[in-house]
Structures are given as structure tokens and as C-alpha cells.
Number of protein chains: 2
Amino acid sequence: MHDVSQRIVDIYDELTRSERRMADTILQAPDLVAELSATSLAARAGVSKATAARFFRRLGYAGARVARADARRSIDRDGREPEWRARFGTPRVSQAQHLTAEVQNLTRTIEQIRSDDLDSAIRAFALAEKIWVVGFGENYPLAHFARALLIRVKPDIRMIPIGGFSVPEEFASIRASDAVLALGVGRRTKSLRSVMASSRKADAHVTFITDQIAPVSEDAASVTLRCRTKGAGAFDSVVAPVSVLTYFCSSLALRIGEPALARLEYISQIHAEWAELAGDDF
Amino acid sequence: MHDVSQRIVDIYDELTRSERRMADTILQAPDLVAELSATSLAARAGVSKATAARFFRRLGYAGARVARADARRSIDRDGREPEWRARFGTPRVSQAQHLTAEVQNLTRTIEQIRSDDLDSAIRAFALAEKIWVVGFGENYPLAHFARALLIRVKPDIRMIPIGGFSVPEEFASIRASDAVLALGVGRRTKSLRSVMASSRKADAHVTFITDQIAPVSEDAASVTLRCRTKGAGAFDSVVAPVSVLTYFCSSLALRIGEPALARLEYISQIHAEWAELAGDDF
DNA sequence: CAAGAACGTTTCAAATCTGATCCTGAAAGT
DNA sequence: ACTTTCAGGATCAGATTTGAAACGTTCTTG
């Protein structure tokens with residue numbers, strides 16, 4: 001069966017308020033389930049231990065002990081369970097099912113984002129001298145997308161990694177006046193962690209976009225935006241991350257105001273001029 | 001004060017389960033608040049009328065009537081569409097507005113896609129020898145994303161354009177047994193049209209993903225999938241295209257079946273092996 | 001205007017949720 | 001062996017939630 005975080009996400013909609021408090025604190029740091037007692041988890045979530053006990057039974061475990069044992073096992077084989085394996089059992093996903101899942105992802109994600117988190121991130125990005133967009137592996141397309149939006153609003157957006165250049169050399173020029181957009185949806189790599197750590201060490205602002213399952217290393221990021229990515233089909237969905245990025249960049253543009261507007265118009269004008277020429281692939 | 005959706009988002013965490021059911025159904029179609037009665041909204045959400053009444057009072061309205069009146073006013077105000085220039089006047093697009101817009105995009109898009117269109121595209125892609133993913137300019141991130149999904153399912157996925165290579169030379173090897181995924185959301189370039197034309201001339205299957213505004217060049221593509229991309233903020237939304245791509249690739253994976261599964265597991269295995277080494281940026 | 005329908009509101013009892021308290025058992029210390 | 005301690009489980013009473021039904025109100029229709 002699934003691991004603890006997965007079980008929580010599965011039945012999240014059905015949880016009561018106190019149970020949701022439990023669920024949230026656990027999703028923030030799933031590893032704690034293995035370390036802490038159910039009692040202290042309850043304290044952490046601000047609910048009674050009775051609720052905690054019930055909660056674990058609600059997740060389908062025989063009791064809190066069993067849950068903890070399972071959590072430990074999940075951590076041991078940290079190599080993640082291939083969930084898509086199970087999804088191949090189902091014959092087909094209907095368009096309706098897909099739509100429902102996506103809407104849920106969006107709704108849950110955006111509802112749960114704290115606007116003051118977003119505000120502080122936007123402030124940092126608006127003032128930043130340079131912006132670094134970081135996305136390894138499967139996050140690379142997301143990074144590309146984010147950069148495409150940001151470059152319309154601010155002039156100096158750099159991508160990591162980029163075209164075979166060595167990361168540390170590129171990254172050496174990061175300053176405290178910079179802001180970093182770190183993308184860690186799905187498989188998170190050591191390089192991402194390294195870049196984020198270096199960024200913090202350089203006192204740069206770090207906004208981290210990730211999924212609900214990711215453990216939160218307290219001060220790894222200045223702001224963490226969690227997205228729900230449960231897909232109905234064979235793959236997880238990045239719709240929520242994409243949407244959050246869009247909203248973020250859009251808000252950033254509005255926040256910056258006139259300079260961003262001027263920039264957008266300038267770009268539009270260049271497009272118009274070039275359109276008269278033969279090649280227009282840009 | 002805020003509009004209905006905004007109020008819901010504001011207190012979402014505090015809602016009880018039934019109230020959340022109400023909240024979810026409303027957030028998925030906020031316009032209905034103005035049209036439908038509180039009673040039918042309750043029915044739609046699967047809760048009692050009493051709950052619906054309480055819910056609106058919970059949102060800060062004097063009663064359901066008042067809420068409905070407010071919803072009507074919100075829609076009237078929303079009627080005139082702000083151009084992206086005008087959007088800079090507004091203080092900020094609320095999370096609720098953004099969410100509403102995104103959900104609308106998704107719903108409209110996916111509902112409207114004909115499943116036999118999709119099926120024929122999937123069939124072509126399943127049988128294709130090589131697959132070409134084409135995305136110029138702002139569609140490049142989308143192309144990257146599509147390729148990332150497809151490469152998990154089939155072995156020979158090629159991207160156009162790629163890293164400074166000349167397009168015609170690369171594209172010369174297209175065959176009738178190939179399939180092309182053409183991405184034309186937003187600004188469409190001449191190069192895209194050229195590539196699509198060449199593809200058709202080579203008798204390859206062409207699936208074209210674009211937005212609603214695109215002109216319908218009848219036989220430019222074998223299958224055309226239209227996405228709604230109207231954004232609430234400064235930028236258009238690619239959530240719908242991303243979602244369609246995800247659904248398409250997911251269905252493709254399920255359609256291919258065992259070989260795709262084997263491939264996915266092989267990839268997962270390689271990931272696991274490499275994870276033990278230092279650098280894991282792939 | 002009267003009758004009726006649809007709707008929203010209120011009431012109330014049942015269902016559910018939740019925390020305080022108590023109980024059991026295991027582990028560690030004496 | 002006895003005590004202590006701590007975690008989990010069970011119980012129960014109080015609080016909250018919830019739907020059914022009764023009750024007004026508004027609107028339509030004849």
C-alpha cells in the first residue's frame with residue numbers, strides 16, 4: 001500500500017478540521033512520523049492525542065504504532081515507490097476523471113497558498129538585481145517556462161543549469177541582492193539542494209516551488225509554495241506548479257508596474273518589427 | 001469587501017467538511033452563485049439547505065439572498081474585459097480570480113475536446129516510428145515539457161528546434177511513419193507553419209495543439225486540439241495546454257501498455273542506480 | 001387578491017467530532 | 001520484583017456539525 005504522505009493526500013478531502021491540522025503538520029515534515037511519537041505529533045499539530053490515534057487509524061493503519069513502523073520502512077527504502085506501476089492496472093482514464101483531478105489539484109493548491117508568503121516573495125523578486133531560475137531534470141521544462149515569463153518583466157534572468165556550463169562557476173556571481181526561484185517538483189536532486197543551500201549562504205532570497213510530499217527543511221527556502229500534483233493517469237500533473245508560476249509572475253509584473261509595462265510594450269514592438277522579416281522563430 | 005470566491009478562499013481552512021463541499025462546488029463554477037438558488041447549490045454540493053444557508057452567513061453575508069446579489073454584481077463588473085494594458089490599473093488579481101480563470105480554462109478546454117480526435121492522434125503516436133516535437137519561441141518550454149513526457153514512453157523523440165542546429169537539415173529525415181506534435185499556443189511563427197506543411201507533405205501524422213484564437217487552416221494538421229488560454233493577470237495561461245499534453249501522453253502510455261511500462265521501470269531503475277553516485281542531475 | 005410554489009431561515013434532534021481522563025502495557029531504572 | 005515513565009488505546013461527556021422538518025417570506029400565477 002501507499003506510504004503515509006500518499007495516504008494523507010488520498011483522503012485529504014474527507015478529513016475533519018482537527019485531522020486536517022494533523023495532516024498538514026505531517027505533510028510539512030513526513031519524516032517526523034518515524035521519529036516522533038503520535039503524542040508529540042498531536043502536540044505539534046495542536047490537537048489531542050486521541051485525535052492523533054484516530055487519525056492514524058483513519059489512514060488505514062491498525063494503530064499509531066503500525067503507522068510509525070511503516071513510516072520507518074518508507075524512509076529506509078528511500079528510493080521512492082513507483083506509483084505509476086499501479087496506475088497501469090486501470091484500463092483507461094476518462095476525460096472527466098482527468099478534468100476532475102486537475103481541477104482538484106488547482107483548487108487545493110491555490111486555496112492553500114498563503115498570500116503573505118506570496119507577497120514577500122514578490123517583494124523580493126521585484127527588488128532583486130538578478131534572478132536565478134533553478135530546475136534540474138524533470139523540472140527543467142518548468143524552469144524554462146518560468147524564465148520565459150520572468151524575462152518579459154525583468155532584464156536579468158539566469159537559468160541553472162544551462163547548456164553544459166558548469167554550475168558552480170556560473171553560480172559564483174550570486175549576490176545577496178539576488179533572488180532565486182527553485183523548482184523541485186517530483187524527484188528532487190542533490191544539486192538543487194546544493195544550489196539552494198549556497199543561495200541561502202549568500203543571503204539571497206529563495207522561493208521554492210515543490211509538491212506536497214516534499215519534506216520541508218525549515219530554512220532551506222525563504223518562501224515555500226506547495227503544489228498538489230496528483231495525476232489521474234500515468235504521470236503526475238504539473239498543472240498546479242504552472243498555474244502558481246503564472247500567477248506569481250503576473251503578480252510580479254503588476255507589482256513592478258510601469259517599468260514592466262514599458263518592457264512588455266518594447267518586446268511587443270520588437271516582435272512586430274521582426275515579423276516583417278523572413279525568419280521569426282524567437 | 002471581497003467577492004464570493006475571495007471570501008471562500010479567505011476562510012477555507014476554517015470550514016467544516018460540508019461547508020468545504022459547498023466551497024468546492026462554488027469555486028469550480030463561481031458564476032452559478034448568481035444563477036442558481038442556494039437550495040440547488042446545496043443539492044449540487046450534496047449538502048442540506050440548512051448548511052447552504054449557514055455557509056453564506058459564514059462568509060460574512062447577511063444571508064443567501066445578499067450573497068447572490070453580490071455575486072451578480074461581481075459578474076456585471078467582470079463583464080467588461082480588461083485588456084492586458086488595463087489590467088495594470090487593478091491593484092492585483094486575487095488568488096480567487098486567478099483560480100476561477102484557470103478552472104474555466106481547463107473545463108472549457110477539456111470538455112470541448114472530441115475524444116475520437118484524441119483517439120486517432122494517440123493511435124498515430126503509438127504506431128509512429130519517430131516522434132517530432134515542434135515548438136518555437138514561447139512554445140519552446142511546452143515542447144520541452146511534452147518531450148519529457150513522451151521520452152518516458154517511446155524511445156525516439158526529436159525536438160525542433162534544437163540547440164542551434166539548422167531546422168531543415170534535421171527535419172529532412174521525417175518519414176510517413178512518423179508523427180509530429182506541433183505546439184502553436186499564442187504567437188505562431190512562420191517556421192511552425194513551414195514545419196507543419198512539410199510534415200503533411202511527407203505524409204506524417206500531425207497533431208496540432210493551439211489556442212482558440214488560431215485561424216483554422218483545415219488540413220494543416222491531422223488533428224487539432226484547441227485550448228483556452230485566457231489569463232486573469234498579465235499573462236495568458238498555458239495551464240490548459242499543459243493539461244491536455246499530460247492527458248495525451250498519459251493516455252498514450254496506457255495505450256502502448258506493456259512496452260511503455262517496461263520502459264518506465266527501466267528508467268526508474270537507472271535513476272535508482274545513479275542516485276547512489278554523487279551527481280544526480282538528469 | 002388568493003393560492004401556491006419556491007426559497008431562505010430557524011429549530012431541533014441525531015450524528016459526529018474532540019479533548020480530558022483513565023487504563024493498559026512495555027521499557028528502563030532501582 | 002517493584003516502581004517509574006511514557007506511549008498508545010479506550011471511554012465518555014461536552015461541543016460542534018448536520019440534515020430533516022417546520023416556519024416565514026417573497027414571488028408568481030390564476
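Worth knowing before you read on, the calculation uses all heavy atoms, side chains too, and leaves out hydrogens, waters and symmetry mates. In the text below, chain A, chain B and the rest are named by the order of the sequence lines, each starting its count at 1.
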Review point. Once you round it to whole Å, what is the distance between P of C:dT18 and CZ of A:R20?
Key: 10 Å
Practice item. Compare the minimum distances between each of C:dG8, D:dT18, D:dG8 and the side chain of B:T16, then state the nucleotide with the smallest one. Key: D:dT18
Check your understanding: Taking 4.0 angstrom as the limit, do B:D24 and A:R108 come out as a salt bridge?
Key -> yes
Exercise for review: Give a yes/no answer on whether the side chain of B:T39 brings an N or O atom under 4.0 Å of OP1 or OP2 in C:dC7.
Suggested key: no
**Study point:** Separation of D:dA7 C1' from A:L41 CG (nearest whole Å)
**Key:** 12 Å
Practice item. Check the surroundings of atom CZ in B:R44: do more than 12 heavy atoms from other residues, nucleotides or ligands lie under 6.0 Å from it? Key: no
Point to revise | With A:A143 via side-chain contact (heavy atoms from CB on, under 4.5 Å) - residues at least two apart | key: A:V133, A:M159, A:L183
Review point. Do the non-hydrogen side-chain atoms of A:F55 and A:V47 ever get within less than 4.5 Å of each other?
Key: no
Exercise for review: Could you check how far CZ of B:R68 sits from P of D:dT26, rounded to whole Å?
Suggested key: 15 Å
Check your understanding: Of the nucleotides D:dG19, D:dT26, D:dG8, which one has an atom closest to the side chain of B:R65?
Key -> D:dT26
Point to revise | Of the listed nucleotides D:dT18, D:dG8, C:dG19, the one nearest the side chain of A:S37 | key: D:dG8
Review point. How long is the line joining CZ of B:F56 and C1' of C:dG8, in whole Å?
Key: 11 Å
Exercise for review: For A:R54 and D:dA10, give me the distance from atom CZ to atom C1', rounded to whole Å.
Suggested key: 10 Å
Check your understanding: When you check the gap from the basic side-chain N to the acidic O, do A:E138 and B:R152 get nearer than 4.0 Å?
Key -> yes
Point to revise | Length of the line joining A:Y61:OH and D:dA7:C1', which is rounded to integer Å | key: 18 Å
Check your understanding: Between atom CZ in A:R57 and atom P in D:dG8, what is the gap in whole Å?
Key -> 12 Å
Check your understanding: By a strict heavy-atom criterion of less than 4.0 Å, which residues belonging to residues 42-53 of chain B are in contact with DNA chain C?
Key -> B:K49, B:A50, B:A53
Point to revise | Note, A:I26 side chain near A:F56 side chain (heavy atom, < 4.5 Å) | key: yes
Review point. Rounded to the Å, how far apart are B:R21 CZ and C:dT16 P?
Key: 13 Å
Check your understanding: Does one side chain, of B:T51 or B:S48, offer a donor that lies under 3.5 Å from an acceptor on the other?
Key -> yes
